[in-house]
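Only this structure's heavy atoms are used, side chains among them; waters, hydrogens and symmetry mates stay out. As the structure is a computational prediction, the values presented were derived from the model and not from experiment.
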Amino acid sequence: MVLRSLVRLALFVSILAIFTPVMPAFAHSFNAADIKINHPYATPTSVGVRNGAVYFRSIHNNGKKADRLLSARTDIADRIELHHMLMDGTVMRMREVASILLPPGDGPSFRNGQTDAYHLMLINLKTPLKEGDRFNVWLKFENSGEKEVTVKVQKSKETSHEHH
């Protein structure tokens with residue numbers, strides 16, 4: 001009786017495995033030469049919001065010499081600007097920068113909610129960013145070339161408010 005139940009369970013699991021659609025795994029990190037790009041993510045946007053932002057858990061330079069993030073592009077927005085956010089007294093200032101220096105080892109912060117951090121500003125989104133969506137961004141580095149990464153749209157774990 002027990003053996004028959006185990007056989008039925010094994011058969012059921014096998015059939016379930018055959019008919020369950022395979023979902024692609026979400027790669028959380030990408031490598032561009034010596035640069036490790038860890039967990040690219042964007043926060044959801046509301047209908048009518050024209051801009052969004054892409055963050056990273058980290059971008060780490062495993063090489064012996066500095067590199068620079070020069071630009072980024074995507075199909076879901078007209079353009080991407082590299083932005084730096086910094087507290088100026090009690091005011092958060094955000095400005096576009098020409099490039100982002102990535103020294104060997106731990107580099108600058110790219111996390112949402114940090115007071116001295118960088119992000120990619122998605123300008124003129126073609127559609128709102130919905131939680132669970134994924135889209136591609138191509139990052140261009142001075143020494144490490146261009147790398148396509150997949151960005152996951154999710155609510156930020158670093159902060160309870162959205163940044164647009």
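Trp138 and Leu70 fall into different hydrophobic clusters, where Ile, Leu, Val, Met, Phe, Trp and Tyr side chains are chained together by heavy-atom contacts under 4.5 Å. Ile35 and Leu101 are members of different hydrophobic clusters when ILVMFWY side chains are connected at heavy-atom separations under 4.5 Å. Met87 and Met85 fall within the same hydrophobic cluster, defined by Ile, Leu, Val, Met, Phe, Trp and Tyr side-chain heavy atoms under 4.5 Å apart, directly or through other members. When the side chains of ILVMFWY residues are joined at heavy-atom separations under 4.5 Å, either directly or via intervening members, Val97 and Leu120 end up in a single hydrophobic cluster. Both Met92 and Met94 are members of a single hydrophobic cluster when ILVMFWY side chains are connected at heavy-atom separations under 4.5 Å.
Taking each heavy atom of Lys147 and Asn31 in turn, the nearest pair found is CE-O, 3.3 Å. For the pair Ala72 and Val137, the tightest heavy-atom approach, listed with the atom from each and the gap, is CB-CG1, 4.1 Å. Closest approach of Val151 to Ala42, counting heavy atoms only: CG1-N, 3.6 Å. The two residues Pro128 and Ser46 come nearest to each other via the heavy atoms CB-O, 4.3 Å. Of all heavy-atom pairs spanning Leu82 and Ser71, the tightest one is CD1-N, 4.2 Å.
At a threshold of 4.5 Å between non-hydrogen side-chain atoms, the residues Tyr55 and Thr43 count as touching. For the pair Asn38 and Phe30, the minimum side-chain heavy-atom distance is 4.5 Å or more. Two residues are said to be in side-chain contact when any heavy atoms from C-beta on lie closer than 4.5 Å; Ser109 and Phe56 fail this criterion. Residues Phe110 and Ile100 are in side-chain contact: their nearest non-hydrogen atoms beyond the backbone lie under 4.5 Å apart. In this structure, the side chains of Leu102 and Pro108 come closer than 4.5 Å at one or more pairs of heavy atoms. Using a 4.5 Å heavy-atom cutoff, the side chains of Tyr41 and Asn112 are in contact. Looking at heavy atoms from C-beta onward, Leu122 lies in side-chain contact with Ile76 at the 4.5 angstrom threshold. A 4.5 Å side-chain heavy-atom check between Glu96 and Met121 finds every atom pair outside the cut-off.
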Side chain to side chain contact (heavy atoms under 4.5 Å, CB included) between Tyr118 and Leu86: does it pass, once the steps are laid out? CA-CA 9 Å; Tyr118 293 91; Leu86 183 65; over 6 Å; no
After noting the C-alpha distance and the side-chain angles of Lys36 and Asn62, does the key distance pass the side chain to side chain contact (heavy atoms under 4.5 Å, CB included) rule? CA-CA 7 Å; Lys36 182 173 183 178; Asn62 292 317; 3.9 Å; yes
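Screening Arg111, Gln154, Lys152 for a side-chain hydrogen bond (donor to acceptor under 3.5 Å, both in side chains) involving His39 leaves a single residue, Gln154. The only option from Ile123, Thr74, Leu139 that meets the side chain to side chain contact (heavy atoms under 4.5 Å, CB included) definition with Ile80 turns out to be Thr74.
Separating the OG1 atom in Thr127 from the CZ atom in Phe135 is a distance of 11.0 Å, to the nearest 0.5 Å. Annotation: the span from Asp106 atom CG to Ile59 atom CD1 amounts to 12.5 Å, rounded to 0.5 Å. Rounding to the nearest 0.5 Å places CG of Asn51 at 8.0 Å from CD of Glu81.
At least one donor-acceptor pair closer than 3.5 Å links the side chain of Asn61 to the backbone N or O of Lys65. Side chain of Asp67 to backbone of Asn143: a donor-acceptor contact under 3.5 angstrom is found. Although no hydrogens or angles enter the test, the distance criterion places no donor-acceptor pair under 3.5 Å between the side chain of Ser144 and the main chain of Ala33.
The residues Arg73 and Glu146 are annotated as salt-bridged, a charged nitrogen and a carboxylate oxygen being separated by less than 4.0 angstrom.
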